[in-house]
Amino acid sequence: SPLTARSLSRSLAEPPGAWPRGGLGPCPAAAPHRPQVRGVRSACGAPRAVLPPRSHRIPWTRPLSLSAAAAAVLGLGHCGGDGRKQLSLRDVAELMRSRECERVVVMAGAGISTPSGIPDFRSPGSGLYSNLQQYNIPYPEAIFELAYFFINPKPFFTLAKELYPGNYRPNYTHYFLRLLHDKGLLLRLYTQNIDGLERAAGIPPDKLVEAHGTFATASCTVCRRNFPGEDFRGDVMEDRVPRCPICTGLIKPDIVFFGEELPQRFLLHVVDFPMADLLFVIGTSLEVEPFASLAGAVRGSVPRVLINRDLVGPFAWQQRHKDVAQLGDVVQGVQALVELLGWSRELQELIHKEKAKLDARFK
Ligand SMILES: [Zn+2]
């Protein structure tokens with residue numbers, strides 16, 4: 001049956017990170033299990049709809065004071081027929097410029113990092129996932145399985161060495177999100193990526209929900225002590241399996257493995273999505289649950305903007321009249337928005353300044 005407010009409430013009552021039955025594990029590597037399907041569907045084949053739990057739903061009030069111009073843009077009053085007007089990217093930029101929208105939630109996926117050279121876990125042939133043969137593991141999923149990790153942690157640390165902070169650099173999209181934060185417009189950035197490029201772009205951790213974990217911190221698998229990921233950089237770079245300085249237990253970066261709970265911070269979605277007044281979905285195929293269902297958790301009056309190669313998820317099968325789809329190259333899509341916002345020069349300066357910082361830090 002479709003995922004309803006009630007079933008969402010129920011799933012929230014379960015331990016954090018418990019997955020809806022039939023859903024996929026949190027790790028991006030989960031995707032290849034899944035047949036290539038358009039949109040996310042429940043087991044019975046019906047599209048899933050997610051509403052905020054009743055207690056978090058906002059009664060029918062208009063929380064924003066709308067200017068006449070914005071009201072016109074939003075199709076409130078002026079248009080005939082059903083009074084609805086399709087939004088454009090230009091309209092969205094205007095809503096941001098006028099700060100009619102200033103609690104922006106962003107959902108980001110692998111597509112924002114491919115321009116940085118990060119292999120997309122899901123691209124058959126060229127993707128990291130299909131290149132895992134070099135790690136000499138029995139089957140690709142094993143690299144994110146705890147049972148295998150305890151027997152042979154080396155393949156995972158080979159991947160860790162590749163993705164450890166410093167190897168890859170944030171790109172235009174990451175810095176756009178940073179600028180969104182600098183301007184006080186970013187409520188939260190939910191990312192499926194484990195490359196840490198959001199942090200590297202200078203977005204503070206409290207603005208992030210790294211749904212699939214991070215290399216920025218690591219935990220001892222025996223005494224559970226938590227450490228900065230930097231403490232083990234030397235080990236990882238020199239192909240040594242890191243050990244706990246206290247108890248010599250095996251150290252595991254805080255990446256979410258199959259069957260592991262999602263980070264506690266993921267629960268922030270319960271408050272963030274009902275509070276959002278604008279949603280961006282950037283570079284994600286919205287195929288991994290429960291991340292995918294979040295796109296439906298913003299209020300019906302909230303514009304949702306998809307910047308992605310293809311039309312995906314609810315943008316394809318459960319459209320709302322305030323959906324905007326900017327399809328094609330992700331960076332070009334973000335650039336188009338940045339130009340409409342009038343932020344181009346400011347963003348270039350930010351990129352220049354931050355690039356110099358990273359060059360100095362990771363030279
Ligand atoms: Zn320990």
Side-chain angles (χ1 to χ4, degrees), residues 14-19 24-30 113 118 121 128-129 132 134-168 189-200 202-269 288 290-291 358 361-362:
E14 288 168 16
W19 295 93
L24 289 168
C27 179
S113 288
I118 305 277
F121 285 77
L128 174 62
Y129 208 77
L132 287 179
Q134 62 175 300
Y135 296 128
N136 197 22
I137 51 178
Y139 47 94
E141 294 83 1
I143 202 162
F144 293 111
E145 281 177 3
L146 278 177
Y148 185 79
F149 178 76
F150 285 117
I151 297 164
N152 181 14
K154 286 205 162 157
F156 175 77
F157 281 109
T158 309
L159 174 74
K161 185 178 177 181
E162 175 77 10
L163 291 181
Y164 231 63
N167 267 3
Y168 293 93
L189 166 54
Y190 287 73
T191 182
Q192 296 171 285
N193 299 336
I194 57 171
D195 51 49
L197 293 182
E198 299 87 1
R199 288 180 191 237
I203 301 167
D206 71 306
K207 285 287 169 180
L208 291 173
V209 172
E210 293 158 310
H212 299 154
T214 174
F215 287 102
T217 53
S219 303
C220 173
T221 54
V222 177
C223 73
R224 305 309 307 171
R225 280 186 179 84
N226 196 257
F227 302 93
E230 279 305 303
D231 289 7
F232 308 105
R233 172 180 291 278
D235 289 331
V236 172
M237 292 305 144
E238 283 155 46
D239 303 313
R240 285 191 304 266
V241 171
R243 293 280 167 183
C244 177
I246 313 293
C247 79
T248 75
L250 186 56
I251 291 286
K252 177 181 159 293
D254 293 337
I255 298 297
V256 180
F257 276 30
F258 288 114
E260 282 193 302
E261 291 183 354
L262 287 201
Q264 290 285 331
R265 289 184 59 75
F266 189 75
L267 281 178
L268 281 169
H269 77 84
V288 181
F291 200 85
L358 287 176
R361 193 170 139 205
F362 295 112

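Just so it is clear, the structure is predicted and the values come from calculations on it, not from any experiment. Numbering of ligands and ligand atoms starts at 1, following listing order.
Judged purely by atom type and a 3.5 angstrom limit, Tyr190 uses its side chain to pair as donor or acceptor with the backbone of His269.
Using a 4.5 Å cut-off on side-chain heavy atoms (C-beta onward), Glu210 and Asp254 make no contact.
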Should Leu159 and Phe144 be marked as a side chain to side chain contact (heavy atoms under 4.5 Å, CB included) after you check the CA-CA gap, both sets of side-chain angles, and the distance that decides it?
-> CA-CA 10 Å; Leu159 174 74; Phe144 293 111; 3.5 Å; yes
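If you count the protein N, O or S atoms nearer to the Zn ion (ligand 1) than 2.8 Å, you get 4.
Using modelled atom types, one finds no donor on one side chain facing an acceptor on the other under 3.5 Å when comparing Thr217 with Asn226.
Residues meeting the ring-ring contact (aromatic ring centres under 6.0 Å, His included) test with Phe227, sequence neighbours left out: Phe232.
Paired with Asp235 under the rule salt bridge (Lys or Arg N to Asp or Glu O under 4.0 Å), one option of Lys161, Lys154, Arg240 passes, and it is Arg240.
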